[in-house]
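A note on names: the letters A, B, ... follow the listed sequences, proteins ahead of strands, and every chain is numbered from 1.
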2 protein chains.
Amino acid sequence: MTQPQSDTRTRILELTAGLFAQLGFAAVSMRNIANAAGLTPAALYHHFSDKVALYDATLEHVYRSRTEALRSVLDTNGQFSADTLHEFVLAFTKIVAKDKVFSRLLHRELLDGSAKRMERLSAQVFHDTFTRFEALLKALAPGRDPHLTANAMIAVILGHYGFAPIRRSLPGYMKAHDRPDVLANQLVQLVLTGPKQ
Amino acid sequence: MTQPQSDTRTRILELTAGLFAQLGFAAVSMRNIANAAGLTPAALYHHFSDKVALYDATLEHVYRSRTEALRSVLDTNGQFSADTLHEFVLAFTKIVAKDKVFSRLLHRELLDGSAKRMERLSAQVFHDTFTRFEALLKALAPGRDPHLTANAMIAVILGHYGFAPIRRSLPGYMKAHDRPDVLANQLVQLVLTGPKQ
DNA sequence: GTCTATAAACCGATAGAC
DNA sequence: GTCTATCGGTTTATAGAC
């Protein structure tokens, strides 16, 4: 667990993260992966028992490497301040906006993940962070259902960037709408202070 | 265009809508489709020039058949009332919550659609409805950016049900959160009246 | 409009040498 | 740890009979 993994194994996982994120599980072949890695297909089977195991390891690798930044935002701060909420929303928005590999794999799992993989995504990526996020909202917006509100905020962020290719060709679009800070500001203001009258 | 299409063609499209929605383009083979339709693969090529053309026709078929309900909600009502907004949000939420074929194909297109297909999705499904939705919000919530607000509401609805498999195993989950009317109510209240103090 | 038959390429996976 | 070679099966798509 803690000893350094094989360099080749890690290199393969960095590669498959991009390939699976871009094309999806079914559209990427072991041959594609081997060629991109400068290996033969047979060599892949030394590191991973089959294609599904390689996909699982890819998710594990991406989840682990992408959620630390998020965890730390909610970890260091024990108090329930609006600043902490804003900081968290902005951090999550930035990750979703900029890390296409992570966000595309996440969306693919939401579509095609088995119940077991869904459970792992929930436990490994969302559970702890979501629980703290909920507690924060309960303290800062006591009139709302914290679960529903936390979910709605996550849904806005994920949906905003997932929907971006459509959004950009709809009337009223501005470049500023793509900026994480603009979205985060609107979102926090909406939940905490209500509409400008 | 207006003459009745071949029965077999339509029957194939109803079938592929479900298959492509469930498994995605790459994971469904022409054999799968032919077997499910009680045909041989060769027969499919009489109706569609290749697999991509069949997929395109499937999207066209689904878009056309699913967006009429939505269009009519915003069409009949020329006035800008909160009731119209609520009615529209509820109608869209119900479609997303209940029509898995439509919503899964939509999510798959957002992930894998080419620029051309994305443009078609925007024009065929969203453009007119979104424009009216924006105008409604401009009248009812004048303090907000209507484009950003309309997008956020659509993102919440799409994200809420797309995120559902994770949401259900997170603390604070209640069955009521899955109900379209509960989500629609919260969403309209959030945008129009701000938080309960 | 659907069939049989088949081409040509690709798929995941394994055996065994080095 | 990576290779060569290969197996058995599947893929999209076409030719041509009915």
**Report entry** Other ILVMFWY residues reachable from A/Val182 by side-chain steps of under 4.5 Å
**Finding:** B/Leu148
Report task. Quickly work out the B/Lys51 NZ to D/dA13 P distance and round it to whole Å. Result -> 8 Å
Query - A/His160 versus A/Asp178, side-chain donor and acceptor atoms under 3.5 Å - result: no
Query raised in the report: Taking the six-membered ring for Trp, are B/Phe133 and B/Phe130 parallel (under 30°), tilted (30 to 60°) or perpendicular (over 60°)?
Result: perpendicular
Query - Side-chain N,O (A/Thr8) to OP1/OP2 (D/dG1) below 4.0 Å - result: no
Query raised in the report: Can you tell me if B/Arg167 uses its side chain to pair, donor with acceptor, with the backbone of B/Tyr173 under 3.5 Å?
Result: no
Query raised in the report: How long is the line joining CG of A/Asn32 and P of C/dA9, in whole Å?
Result: 17 Å
Requested in this report: Give me the residues of residues 34-48 of chain A where at least one heavy atom lies under 4.0 Å from an atom of DNA chain C, by number, or none.
Outcome: A/Ala42, A/Tyr45
Query raised in the report: Using a cut-off of 4.0 Å on non-hydrogen atoms, how would the nucleic acid contact of B/Val52 be classed: base, sugar-phosphate, or nothing?
Result: nothing
Query raised in the report: Rounded to whole angstrom units, what separation is found between the CZ atom of A/Arg31 and the C1' atom of D/dA5?
Result: 12 Å
**Report entry** Euclidean distance, atom CE of residue B/Met30 to atom C1' of D/dT14 [Å, nearest integer]
**Finding:** 12 Å
Requested in this report: Over 60° means perpendicular and under 30° means parallel, so classify the ring planes of A/His177 and B/His147, tilted if in between.
Outcome: parallel
Report task. Mind calculating the distance between CG (A/Asp50) and P (C/dA13) to the nearest angstrom? Result -> 5 Å
Query raised in the report: Given atom CD1 of B/Ile12 and atom P of C/dT2, what is their separation to the nearest angstrom?
Result: 7 Å
Query raised in the report: Under 30°, 30 to 60°, or over 60°: which ring-plane class applies to A/Tyr55 and A/Phe25, parallel, tilted or perpendicular?
Result: perpendicular
